[in-house]
Amino acid sequence: MTSPTVVACADRLEHAVRDRTPIEKLTASFPDLDVEMAYQVQAEVARRREAAGDPVVAAKLGLTSRAKQAQMNVDEPVYGVLHASAIHPVGEPIGVSDFIFPRVEPEIVFRLGDDLAGPGVSAADVIAATDSVSCGLEILDSRFTDYDFTAADVIADNTSAARVMVGPVMADPRDLDLALVGLLLEVDGEQVATAAGAATMGHPAHAVAIYVNFLARRGAHLAAGQLVFSGGLTKAVPLAAGSHVTATFAHLGSLTVTGV
Ligand code: OOG
Ligand code: MG
């Protein structure tokens, strides 16, 4: 049976998304909410969405770079899921009033050709199971007041998942050293950050391998055809109405999101 705390936390998060209104951190009212229980909250909300006809189509890694860990003051990776409704068409603006605190971050996205199951998965195994890699933008939205949370809060909140965009270029990860793929992040034509793939745990495929081994400890794995967002390479920047955020990657092309 799902615990009353898990149900209560899932209810609060669902209301926050629906009402586009921030809520107090869950750990403020439920001090016993730990990382383990937080993953149960995340799973409960995901189950409800799937039951409403919105399947999980992708996985996301969060807080895999120092830039992101420093920005959010949480020093461990966190993992979430992306539902079909989160995939946003490239070129279509994002209505910022649909969200509470929309932010944008650049990521490298893996498209799996084979199932990937741990334990003992390495970065080389991840590359071998990958069909192609693309650039991506994630549009985050925290449901917590002041965009402030602990690890348990943000895990319960499905790692601030809101929308994602995937670039049209599909590169073969065997042809590239993803650690050395550079990227430039611009807001309204002004450079705001630069990074390379190595920002996520030395290599994006290494970050994914750690995730797959984490899933194995929970009896889960990634399935062929899934997309995997490997985590923000730079700090996330706010998305304001009328502004354009562009990420330009070596080899993987570029993506722009426009706030309206
Ligand atoms: C938490 C989600 C972090 C990433 O790629 O680091 C994340 C947040 O910053 O709101 O998706
Ligand atoms: Mg992210």
Side-chain angles (χ1 to χ4, degrees), residues 22 25 27 35 38-39 42 58-82 86 88 94 99-110 123 126 133-167 178-187 191-214 227-240 245-249 252 255 257:
K25 278 187 281 202
T27 49
V35 161
Y39 277 111
Q42 184 192 111
K60 58 162 288 193
L61 285 58
L63 310 180
T64 49
S65 67
R66 270 189 215 286
K68 284 290 310 187
Q69 292 186 356
Q71 180 179 30
M72 300 324 308
N73 207 20
V74 173
D75 62 3
E76 58 190 290
V78 294
Y79 304 114
V81 295
L82 292 161
H88 190 80
I94 294 263
F99 304 99
I100 304 170
F101 303 115
R103 289 182 177 178
V104 184
E105 61 190 13
E107 307 207 5
I108 291 173
V109 186
F110 291 72
V126 172
V133 287
S134 299
C135 67
L137 286 176
E138 177 167 27
I139 293 85
L140 295 165
D141 192 24
S142 179
R143 268 59 70 168
F144 300 121
T145 305
D146 298 332
Y147 211 122
D148 176 52
F149 46 64
T150 67
D153 290 303
V154 72
I155 289 165
D157 189 21
N158 193 22
T159 67
S160 311
R163 297 285 185 273
V164 286
M165 294 164 63
V166 185
L178 284 175
L180 295 180
V181 168
L183 117 98
L184 180 58
L185 186 68
E186 291 165 299
V187 178
Q191 177 184 318
V192 293
T194 57
T200 48
M201 297 182 155
H203 194 294
H206 179 58
V208 175
I210 290 174
Y211 172 52
V212 174
N213 293 327
F214 162 89
L227 297 176
V228 184
F229 280 72
S230 56
L233 294 160
T234 67
K235 68 177 185 187
V237 295
L239 181 66
V245 180
T246 300
T248 304
F249 286 76
L252 304 179
L255 264 180
V257 60

So which heavy atom on [X] is nearest to which on [Y], and how close?
X: A161; Y: L82; answer: CB-CD2, 4.0 Å
X: Q69; Y: P77; answer: NE2-N, 4.2 Å
X: A179; Y: G202; answer: CB-O, 3.6 Å
X: Y147; Y: D141; answer: OH-N, 4.3 Å
X: P106; Y: A247; answer: CB-CB, 3.8 Å
X: T27; Y: A152; answer: CG2-CB, 4.2 Å

For this session: Check the pair H88 / I94 against side chain to side chain contact (heavy atoms under 4.5 Å, CB included), numbers first and verdict last.
Result: CA-CA 8 Å; H88 190 80; I94 294 263; 3.6 Å; yes
For this session: Apply ring pair (Phe, Tyr, Trp, His ring centres under 6.0 Å) to F229 and Y211, showing your working.
Result: CA-CA 11 Å; F229 280 72; Y211 172 52; over 10 Å; no
For this session: In sequence, state the C-alpha distance, the side-chain angles, and the governing distance for V164 and I139, and then conclude on side chain to side chain contact (heavy atoms under 4.5 Å, CB included).
Result: CA-CA 6 Å; V164 286; I139 293 85; over 6 Å; no
Heavy-atom check, side chain of [X] versus side chain of [Y], under 4.5 Å:
X: L185; Y: T194; result: no
X: T248; Y: L183; result: no
X: H203; Y: L180; result: no
X: S160; Y: V154; result: yes
X: V166; Y: S134; result: yes
X: V237; Y: V245; result: yes
X: R103; Y: Q71; result: yes
X: R143; Y: F101; result: no

For this session: Among T145, D148, T150, find the residue that satisfies the side chain to side chain donor-acceptor pair (under 3.5 Å) test when tested with K25.
Result: D148
Using a 3.5 Å distance criterion without hydrogens, assess whether the side chain of [X] forms a donor-acceptor pair with backbone atoms of [Y].
X: N213; Y: A209; value: yes
X: S230; Y: I108; value: yes
X: T200; Y: G197; value: yes
X: Q42; Y: Y79; value: yes
X: E107; Y: G231; value: yes

Exercise. Parallel, tilted or perpendicular: which fits the ring planes of F149 and F144, with parallel below 30° and perpendicular above 60°?
Worked result: perpendicular
Value rounded to 0.5 Å, distance of [atom1] in [X] from [atom2] in [Y]:
X: T64; Y: L233; atom1: OG1; atom2: CG; value: 7.0 Å
X: L140; Y: I100; atom1: CG; atom2: CD1; value: 12.5 Å
X: M201; Y: L61; atom1: CE; atom2: CG; value: 7.5 Å
X: R66; Y: D75; atom1: CZ; atom2: CG; value: 10.0 Å

Exercise. Checking side chain to side chain contact (heavy atoms under 4.5 Å, CB included) for the pair V133/L252: CA distance, chi angles, key distance, verdict?
Worked result: CA-CA 8 Å; V133 287; L252 304 179; 4.1 Å; yes
For this session: Could you walk me through whether Q191 and L184 pass the side chain to side chain contact (heavy atoms under 4.5 Å, CB included) test, one step at a time?
Result: CA-CA 7 Å; Q191 177 184 318; L184 180 58; 3.4 Å; yes
Exercise. Is the shortest side-chain N to carboxylate O distance from K68 to E105 below 4.0 Å?
Worked result: yes
